[in-house]
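Excluded from the calculations below are hydrogen atoms, water molecules and symmetry mates; all remaining heavy atoms, backbone and side chain alike, are included.
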Amino acid sequence: MPPFRAAPMTRPTVEITHVQEFSAAHRLRSPALSEAANRELYGPCFNDHGHNYVVEVTLRGAVDEPTGMVMDLNRLGRVVVDKLIQRVDHKHLNHDVPFLAGVIPTAENVAVAFWAEIEPSLRDYPGCRLHRIRLHESRSNRVDYFGPSPAR
């Protein structure tokens with residue numbers, strides 16, 4: 001009878017999240033709609049106004065045995081600040097942020113754009129992947145984006 005061997009232990013999968021705040025102005029207006037339709041759809045958000053946003057960037061991955069981490073949270077924080085916060089804080093999202101050019105800056109669209117901006121920088125870190133962008137537009141409203149849907 002062969003000797004008993006324990007199955008290799010699988011590394012636990014963990015989600016880690018870095019949170020940052022930023023302030024920005026925007027105006028919601030669709031070029032596909034008339035001014036009256038825009039005013040009716042977006043209400044007060046049709047006018048220039050601002051928010052104190054909170055963005056959460058969540059990675060998912062296996063805990064690395066030698067380090068005990070999915071990714072160094074300080075390094076994740078630097079990526080978030082460099083790729084997102086420095087580019088949007090105290091800016092007008094319609095006019096001052098090149099990666100939002102031509103985008104209606106709803107919370108939904110901003111979350112999708114944030115994913116596109118930050119995900120390539122996170123590919124360099126083996127064993128983890130971007131899992132979610134959560135954007136709080138206010139204390140009452142937030143959106144979650146889990147990345148592009150797989151091709152069908």
Side-chain angles (χ1 to χ4, degrees), residues 6-32 38 41-152:
M9 188 172 154
T10 58
R11 297 180 301 159
T13 299
V14 176
E15 293 177 3
I16 63 170
T17 302
H18 181 77
V19 180
Q20 283 284 330
E21 297 179 16
F22 67 97
S23 298
H26 70 159
R27 178 182 184 209
L28 301 183
R29 179 188 174 283
S30 171
N38 271 295
L41 176 63
Y42 296 118
C45 295
F46 178 66
N47 300 310
D48 286 307
H49 65 286
H51 294 280
N52 293 317
Y53 292 91
V54 175
V55 62
E56 301 177 20
V57 177
T58 300
L59 303 183
R60 174 179 254 178
V63 176
D64 181 61
E65 193 170 313
T67 66
M69 296 186 283
V70 172
M71 178 184 177
D72 176 3
L73 279 164
N74 292 313
R75 185 171 285 171
L76 175 58
R78 286 192 300 274
V79 172
V80 172
V81 169
D82 291 348
K83 296 295 180 182
L84 300 178
I85 303 305
Q86 288 184 350
R87 298 168 71 195
V88 297
D89 193 30
H90 289 87
K91 305 288 186 198
H92 195 295
L93 301 180
N94 299 77
H95 308 298
D96 300 332
V97 181
F99 70 84
L100 291 172
V103 172
I104 302 168
T106 60
E108 296 90 335
N109 282 339
V110 172
V112 171
F114 278 9
W115 180 288
E117 285 301 303
I118 201 168
E119 193 274 335
S121 295
L122 297 171
R123 288 182 199 154
D124 296 338
Y125 300 96
C128 64
R129 65 175 181 80
L130 183 56
H131 176 66
R132 181 188 70 206
I133 298 287
R134 173 173 280 170
L135 184 65
H136 300 255
E137 188 177 66
S138 68
R139 284 197 272 176
S140 304
N141 300 319
R142 73 172 188 231
V143 300
D144 290 323
Y145 181 59
F146 293 92
S149 298
R152 294 181 191 240

Go through the side-chain N and O atoms of His26 and His49 and say whether any donor and acceptor fall under 3.5 Å apart.
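Per modelled atom types, His26 and His49 side chains form a pair under 3.5 Å.
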Distance (rounded to the nearest 0.5 Å) between [X] [atom1] and [Y] [atom2]:
X	Y	atom1	atom2	value
Leu84	Phe114	CG	CZ	5.0 Å
Leu28	Thr106	CG	OG1	6.5 Å
Arg75	Leu122	CZ	CG	11.5 Å
Asn38	Cys45	CG	SG	12.0 Å
Arg29	Asp48	CZ	CG	12.0 Å
Thr58	His18	OG1	NE2	11.0 Å

[X] to [Y] - nearest heavy-atom pair and separation:
X	Y	value
His51	Glu137	ND1-O, 3.3 Å
Leu135	Ala107	CD2-O, 3.7 Å
Ala111	Val143	CB-CG2, 3.8 Å
Leu59	Cys128	CD1-SG, 4.0 Å
Ala113	Leu100	CB-CD2, 3.5 Å
Arg60	Val70	C-CG1, 4.3 Å

Residues Val88, Phe99; criterion side chain to side chain contact (heavy atoms under 4.5 Å, CB included); working and verdict:
CA-CA 10 Å; Val88 297; Phe99 70 84; 4.0 Å; yes
Run the numbers on Val14 and Met69 for side chain to side chain contact (heavy atoms under 4.5 Å, CB included), then give the verdict.
CA-CA 9 Å; Val14 176; Met69 296 186 283; over 6 Å; no
Check whether any side-chain heavy atom of [X] lies under 4.5 Å from a side-chain heavy atom of [Y], and answer yes or no.
X	Y	value
Asn74	Arg78	yes
Val55	Ile85	yes
Val54	Val19	yes
Val57	Thr17	no
Leu41	Ser30	no

Polar side-chain atom of [X] near backbone of [Y] as donor-acceptor pair, under 3.5 Å:
X	Y	value
Asp89	Phe22	no
Asn109	Ile104	yes
Arg87	Lys83	yes

State plainly whether the residues Glu56 and Arg132 are in salt-bridge range, i.e. N to O under 4.0 Å.
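The answer is yes: the pair qualifies as a salt bridge.
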Centroid-centroid distance, Tyr53 to His136, less than 6.0 Å:
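Not under 6.0 Å, so no.
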For atom CD of Glu21, is the number of surrounding heavy atoms from other residues, nucleotides or ligands below 6.0 Å larger than 12?
no
For the residue pair Arg27 and Phe46, would you count it as a cation-pi contact if the rule is NZ or CZ under 6.0 angstrom from the ring centre and within 45 degrees of the ring axis?
yes
